[in-house]
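To find a chain, count down the sequence lines: A is the first, B the second, and so on, and within it residues start at 1. From a predicted model like this one, the values you see are computed outputs, not experimental measurements.
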Amino acid sequence: MPAPSILYHCPCLSTSPVPPPPHLPSSSYSFHPLHTLFFCEECDAVRCNRCVSVEVSGYYCPNCLFEVPSASVRAEKNRCARNCFMCPNCRNTLSVVPSDPPDPGDGRLMVPISAVGEPPFLLYCNYCRWDSSEVGMTFEKPTGLAAQLQKFEDSALDSLEFDRLKEHFEPIIRASSLSSSTLPTQAAHSPHTNPITAAATAALARDIPGVAKYTPLTRSQRGHKDKSANKDEMPQYKSRVDITTASKHGTGGGELDVEMMKRLEDVSEIARLEQRWSLSWTTSIETRDLKPLRIPLHSKRSKRCPACTHILIKPEQKAQSVRFKIKLAAASYLPAIVVALPHRQQALAVESAKRSMVKSTTAPPDEDREGKCELQAGKTYPFNLALSNPLYDPIQVRLSVQRMHVSHSEGAPDKARRPPFAISLPTSPFTISAFAEAWEYEEDDEMFGLDDDEVLEARLRGEKEIKTKPKSVGVLEKKGNTTVIGGEVVIGKEARGNVKFNMLVSFTYRSDDPSPSESNDMGSPSKAGSKVTETKTFAFYTVVDLGAIIPKEEAKYIDDIL
Amino acid sequence: MSIPTTPRSKTSFNPVTPTTKRTAATHIVQSSPHYTTTRRHSLYGVEDRVVIDPGSRVWKVGFSGEGRPREVFYATEGASSLWTLRRAADAAERAEEDRMLEVKMEKCLRSVFHDSLLTDPKARKVIIVEHPLLPIYTKDTLARVLFENLQVPSVSFASSHLLSLLAVGRITGLVLDCGYLESVALPIFASRPLFPQIQTTPLAGSRLHSHLRSLLLLFGTYLPPTSPGPVNIPTASRSMRVPPEILTDSILDELLTRCCFVGEPLLSVSSNDTRDVTPGLDEGSETDLPPSSDATQSESDFSHVGRDSNVSSAQASTSDFSVISDPRTPVGADPRAGGLQGLANLYTRHSTATDLRLRVAPLPGGGGLGYATLIIPGWVRERAAEILFEPGDVDEKSVAEVILDALLKVPLDLRKTMASSILVVGGTPMLPGFIIRLHSELLRAIQPSPFVPRHPVRPDKPPPPQYDRYASLRPLTPYFAIVNNPSPGEPHSDRAKNNAGKAPAFTPATMAWVGASLAGVLKTGGVEVSREKWDEVEPMGGEDSAMGDMSTSTPSQSFHADRDSLHQRNILPDWTRIPLPTGVPSAVTRVGA
């Protein structure tokens with residue numbers, strides 16, 4: 001994600017609610033863009049796609065949008081059972097085409113016999129011109145191709161061999177389970193045995209490798225020369241098609257394959273690994289032998305909260321529909337935050353203006369922009385956070401920056417303790433107006449509009465802060481349901497890496513059952529504090545990434561160029 | 001006090017040894033005997049288990065009872081493997097590594113259920129194909145994600161080597177699994193893996209990757225895309241040394257899987273030298289240029305060759321073929337490179353494999369249009385895998401030696417059985433010719449090494465007998481047989497004849513998965529851990545929560561601490577956790593008694 005950016009924390013990956021320090025690579029997996037998050041009303045918590053439990057609410061083919069009943073999904077191995085195929089070379093969707101009509105020989109174009117065309121039908125790739133006759137695959141009818149292919153698939157060599165293996169092992173396993181279950185009952189007949197001794201005899205009777213069975217019979221049998229011929233009392237398995245036979249037909253890594261590889265002229269003759277690695281049976285490694293692929297089904301998923309199993313999102317059943325029956329997106333509960341670096345925007349504007357005026361610039365434009373836009377070590381930059389309220393009530397927001405992690409640069413152990421940058425943000429709470437439809441906003445409430453009591457109050461408070469702090473820190477702008485907050489980052493002289501910090505956003509909102517008389521007073525922080533019963537507070541972590549710091553030396557270099 | 005007089009080697013077959021067979025048998029007794037009749041009637045087939053073969057690089061997933069995996073995918077994005085053979089020594093770094101592993105595993109496992117198999121994880125039992133040397137923390141992470149994030153009802157771990165044997169219809173054999181990180185040989189008798197006899201070497205796919213990379217950096221040729229403009233620069237002057245950035249993992253994978261193969265051992269080729277009098281291909285004469293010819297264009301820093309190759313190589317080379325064979329390293333400056341050059345000359349002389357051109361995406365910002373071309377010399381294609389067969393040392397045995405060492409440890413009366421039922425599985429043996437070559441390497445390694453006269457240590461003593469590691473295995477020579485050898489040679493014994501090449505033609509790479517699928521449908525396989533059992537041992541109950549405390553002194557430390565407590569969980573069955581058999585009491589206690 002390009003800087004500056006902001007991501008929201010979901011605490012599912014760790015057991016503590018405090019997010020991991022942002023410099024760890026693994027921390028990036030705990031933070032997500034707001035639009036991918038869900039919000040569970042029961043648990044009052046953010047849920048992400050890594051922790052929700054997913055259920056399939058329907059299967060459909062992405063190509064023909066046919067809804068597949070779940071009963072046939074299994075039989076069809078999650079593939080479309082209709083006419084949808086993928087090209088084995090380019091994964092494009094194949095189309096069914098009739099073959100050329102028979103040439104009557106008199107030069108006239110013959111009228112097609114039927115509307116669908118002339119059999120046999122082929123699968124044809126419109127992108128790479130592959131067609132299924134290359135692998136000897138033609139169809140009598142243009143519909144239900146998968147069913148026609150099913151015959152071949154059921155008689156695939158791997159499934160036949162698999163069934164044979166199953167038949168080979170089943171009696172053995174049944175026998176072993178039988179013998180182990182009947183053994184104690186036999187022992188129970190003799191008067192002086194209990195289950196423990198029975199188990200002991202069974203253990204003793206077991207054939208221990210390295211110790212010949214102490215029975216005269218086996219001894220005499222083992223007088224045979226090759227006495228270790230078949231040590232596990234198991235019949236030898238006879239393969240349906242063994243690897244020697246298979247490789248004589250040019251598959252399976254045998255001498256034929258080696259010869260072919262030796263004479264290979266063009267890499268494209270050999271199929272890619274991805275095209276053959278799911279085939280468990282040894283097949284030809286050549287591209288020309290690849291078979292068309294049935295298109296895998298997709299699923300419509302509903303997602304539940306992992307803690308309380310309430311549904312967070314549930315799509316409509318129909319494959320064509322893109323709507324949801326239930327949708328608890330975090331974006332409709334948490335304020336959306338947009339980060340901006342004003343100096344970068346200015347630089348971009350200036351540069352584009354400059355470029356339009358002077359065509360021939362001596363300095364390369366790329367470096368010019370970097371020098372202006374990137375964060376240089378040892379300097380101070382303002383940044384803006386625009387918070388938008390999705391709720392129908394105004395909210396009180398308070399921002400705080402998580403304590404800075406210690407620098408992890410190995411080069412300077414003496415300075416390792418010092419954080420590479422410092423963030424200043426307004427510490428006092430501020431309000432964001434309620435969300436309303438676009439036409440309900442006033443046109444003229446741009447910079448600290450004076451028309452509203454709430455905004456006026458906030459403005460007064462904001463001005464108090466401005467007296468002590470520089471202009472860039474504090475509430476900068478209020479417009480509609482968006483409030484822009486200014487912050488400042490002071491970057492250390494030796495700083496490296498990214499300006500990336502965790503920020504706790506806590507906001508107070510009116511709970512679901514308010515007393516109507518209080519609704520007008522929500523804006524003022526002092527009153528909201530006194531009436532705790534009607535308000536609730538929710539806090540969540542975010543990580544703000546302002547971009548990479550340009551170290552001192554490089555910054556100088558760029559300055560020299562300029 | 002009676003002391004058991006059983007010899008030491010046999011105590012390892014003490015009934016305490018974890019045998020999947022027996023646990024499976026007890027499991028069957030408890031499970032319903034009707035499964036064979038009921039399973040076909042189930043409409044949704046929920047009792048088909050999910051079979052996952054999680055490699056460090058490639059995962060194979062599917063349902064039990066099917067002959068092939070539903071989906072195979074790379075589990076790595078960017079990194080070359082999910083885990084490696086080493087872990088960070090520093091506790092904080094290790095915790096970070098573990099978190100990254102968990103994050104990646106979670107992603108893979110969730111996609112297995114939600115994207116590949118489209119099934120509800122809460123309704124599916126899971127079989128994990130487990131490599132015997134899979135790091136335990138990896139196994140813990142797998143189980144934790146499956147139980148806690150996906151909430152599967154049960155997980156069973158089954159040994160990949162045993163499962164591979166099942167896939168060829170056997171329960172006894174010596175299995176070599178040549179994967180990405182390691183090649184591991186494990187003898188299995190009557191479905192009992194003889195874990196104490198396990199042998200391993202790091203010569204496997206990852207080493208092959210890096211070897212191929214260095215070969216290409218030295219001997220490959222890179223043609224940047226043609227620059228736009230009317231001037232058509234001849235191919236020869238465009239060609240340059242391969243930039244290292246071009247050789248990404250995916251390109252190397254493609255080269256290995258589409259271009260490389262394993263040739264016959266060189267000794268046998270050079271013995272009948274009459275064959276290569278006719279090199280067959282036209283560049284044969286040019287590739288034998290003496291290395292001195294490139295003295296004129298020798299460049300000291302080959303990292304910058306790309307910048308000025310247009311000038312320099314245009315001076316010397318006349319055809320692009322000569323450029324290919326030019327390593328362009330100053331002769332004599334680097335003895336290693338000189339040795340490599342000798343090797344290259346030797347291989348080139350004996351290789352009839354064609355040179356190949358592969359289209360690759362050009363370097364970013366390199367200019368030019370379209371694709372660049374990578375030229376791979378034929379001998380590199382044929383001899384890249386040589387690294388796996390060269391005789392190794394104690395730490396890095398060759399793949400043949402790893403089999404022989406396992407055989408040396410196997411009890412005497414099992415050796416013949418094991419030697420005649422070798423099974424080779426894993427991704428690397430998918431190289432055409434690998435198994436054939438392995439067989440001849442086995443025979444070569446077992447032969448006595450040529451006599452090297454050694455100086456006697458003391459003049460009055462006779463010289464010490466030559467060290468002959470595999471002397472005791474030599475009588476087994478006629479019995480060696482690889483059951484999935486696609487082209488077994490002339491058998492030297494009935495035993496070898498009955499076994500070599502008789503395995504069903506499943507690919508080596510999917511054999512473990514197929515075996516797991518088979519084990520799943522037979523309701524056998526490894527020890528099952530149910531979710532209830534997992535939840536019982538759940539260590540995190542009253543986790544202290546410093547909720548939203550901004551002034552926590554070191555948030556990272558508390559973070560590490562509670563992750564570490566998660567690892568204290570020993571309910572997963574693993575052969576390394578089995579208590580050792582008591583065996584003979586130690587000498588001290590005997591004296592005391």
Can you find a pair of side-chain heavy atoms, one from B:Phe261 and one from A:Ile285, that are under 4.5 Å apart?
no

Is B:Arg70 in contact with chain A via its backbone, its side chain, both, or neither, using a 4.5 Å heavy-atom distance?
both

Note: vs chain B, highest number of non-hydrogen pairs under 4.5 angstrom among A:Val241, A:Asp266, A:Leu297, A:Asp242 is A:Asp242

Engaged part of B:Lys122 at the chain A interface, taking heavy atoms whose separation is under 4.5 Å
side chain

Would you mind checking which part of A:Arg79 comes under 4.5 Å of any heavy atom in chain B, side chain (CB onward), backbone (N, CA, C, O), both or neither?
side chain

Residue A:Ser30 versus chain B: region with a heavy atom under 4.5 Å:
neither

Tell me if a side-chain donor or acceptor on A:Ser299 pairs with a main-chain N or O of B:Leu118 at a distance below 3.5 Å.
no

Decide yes or no for A:Glu274 and B:Thr257: does some side-chain heavy atom of the first lie under 4.5 Å from some side-chain heavy atom of the second?
no

Checking A:Val73 against chain B: side chain, backbone, both or neither under 4.5 Å from a heavy atom?
neither

Whatever's closer than 4.5 Å to a heavy atom in chain A on B:Arg381 counts as side chain

Does A:Thr244 use its side chain to pair, donor to acceptor, with the backbone of B:Gly501 at less than 3.5 Å?
yes

Please determine whether a side-chain nitrogen of the Lys or Arg among B:Asp115 and A:Arg301 lies less than 4.0 Å from a carboxylate oxygen of the Asp or Glu.
yes

Segment of B:Ser421 engaging chain A (4.5 angstrom heavy-atom cut-off):
neither

Please identify which of these residues, B:Val168, B:Leu518, B:Val521, meets the side chain to side chain contact (heavy atoms under 4.5 Å, CB included) condition with A:Leu165.
B:Leu518

Interchain contact, A:Val54 with chain B, by part (heavy-atom threshold 4.5 Å)
both

Can you tell me which portion of B:Val58 sits under 4.5 Å from chain A's heavy atoms? Options are side chain, backbone, both or neither.
side chain

Please classify the contact of B:Leu166 with chain A as side chain, backbone, both or neither, using a heavy-atom distance under 4.5 Å.
both

Most chain B-contacting option - heavy-atom pairs closer than 4.5 Å, from A:Leu273, A:Leu279, A:Ile270, A:Val52:
A:Ile270

Applying ring-ring contact (aromatic ring centres under 6.0 Å, His included), name anything that partners A:Tyr237, two or more places apart in sequence or on another chain.
A:His168

Without hydrogens or angle criteria, can the side chains of A:Glu265 and B:Thr354 be said to hold a donor-acceptor pair below 3.5 Å?
no

Less than 4.5 Å apart, any side-chain heavy atom of A:Arg276 and any of B:Thr507?
no

Under 3.5 Å donor-acceptor, B:Asp120 side chain and A:Glu55 backbone:
no

Relative to chain B, which of A:Pro25, A:Ser53, A:Cys12 shows the most heavy atom pairs under 4.5 Å?
A:Pro25

Given the options B:Asn498, B:Leu431, B:Leu356, B:Leu412, which has more heavy-atom pairs under 4.5 Å with chain A than any of the others?
B:Leu356

Sub-3.5 Å donor-acceptor pair from the side chain of B:Asn149 to the main-chain atoms of A:Arg50, do we have one?
yes

Part of B:Tyr74 within contact of chain A (heavy atom distance under 4.5 Å)
both

If one checks every heavy atom of B:Lys502 against chain A at 4.5 Å, the contacting part turns out to be both

Can you say whether B:Ile435 sits under 4.5 Å from chain A via the side chain, the backbone, both, or neither, judging by heavy atoms?
neither

Examine whether an atom of B:Glu66 lies under 4.5 Å from a heavy atom of chain A, and if so say whether it belongs to the side chain, the backbone or both; otherwise answer neither.
both

Could you walk me through whether B:Arg99 and A:Leu24 pass side chain to side chain contact (heavy atoms under 4.5 Å, CB included), step by step?
CA-CA 10 Å; B:Arg99 271 196 302 277; A:Leu24 294 177; 3.2 Å; yes

Options A:Ser72, A:Cys51, A:Ser280, ranked by heavy-atom pairs under 4.5 Å with chain B, top entry:
A:Ser280

Would you please test B:Cys260 and A:Met261 for side chain to side chain contact (heavy atoms under 4.5 Å, CB included) and show each step?
CA-CA 8 Å; B:Cys260 289; A:Met261 289 298 279; 5.8 Å; no

Does any backbone or side-chain atom of B:Thr510 lie under 4.5 Å from a heavy atom of chain A? Answer side chain, backbone, both or neither.
side chain

Heavy-atom pairs under 4.5 Å with chain B - which of A:Asn49, A:Val258, A:Val267 has more of them than the others?
A:Val267

How long is the span from the CG atom in A:Asn78 to the OG atom in B:Ser116, to the nearest 0.5 Å?
9.5 Å

Quick one: ring-ring contact (aromatic ring centres under 6.0 Å, His included) partners of A:Phe162, sequence neighbours excluded?
none

Among B:Glu97, B:Glu254, B:Arg170, residue most engaged with chain A (heavy-atom pairs, under 4.5 Å):
B:Arg170

Any idea which of B:Glu106, B:Arg258, B:Met100 has the most non-hydrogen atom pairs under 4.5 angstrom with chain A?
B:Arg258

Rounded to the nearest 0.5 Å, how far apart are CD1 of B:Ile482 and CD1 of A:Ile243?
11.5 Å

Which of the residues A:Glu161, A:Lys238, A:Met260, A:Arg263 is involved in the greatest number of heavy-atom pairs with chain B at under 4.5 angstrom?
A:Glu161

